[in-house]
Q: 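Handing you a structure now.
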Amino acid sequence: MKKSILFLLTLLFALSCASSESKEAGSNEPGLMDKLIEKANSEEGQKAIQMGKEKLQDPETQEKIKGMLSKDKKKKDPTALPSK
């Protein structure tokens with residue numbers, strides 16, 4: 001299940017970045033973005049995306065994500081005094 005969520009998040013990030021990348025003029029080889037889009041459009045990719053969406057609706061998963069984000073905020077807090 002964690003792999004599915006990680007795949008979904010990676011896929012969504014990659015797709016969001018795809019619009020900002022320009023394609024090379026002479027490239028006939030499919031690039032990483034093309035491969036990711038192809039994978040996302042496949043039946044397996046659609047199932048993984050749907051499963052990830054369902055998992056993100058789970059209250060337990062939402063609490064875990066909130067906990068992870070709050071830990072990151074505490075680590076990156078610029079107003080915190082440095083420890084000696």
Q: Can you name the side-chain hydrogen bond (donor to acceptor under 3.5 Å, both in side chains) partners of Ser42, sequence neighbours left out?
A: none
Q: What side-chain donor-acceptor pairs closer than 3.5 Å can you find for residues 59-66, not counting sequence neighbours?
A:
unit_1: Thr61; atom_1: OG1; unit_2: Lys55; atom_2: O; d: 3.3
unit_1: Thr61; atom_1: OG1; unit_2: Asp58; atom_2: OD2; d: 3.2
unit_1: Gln62; atom_1: NE2; unit_2: Leu56; atom_2: O; d: 3.0

Q: Starting at CE of Met51, measure out to CZ of Phe7 and round the result to the nearest 0.5 Å.
A: 10.5 Å
Q: When you look at CD of Glu38, are more than 12 heavy atoms from neighbouring residues, nucleotides or ligands closer to it than 6.0 Å?
A: no
Q: Should Gln50 and Glu54 count as side-chain neighbours, where that means a heavy-atom distance under 4.5 Å?
A: yes
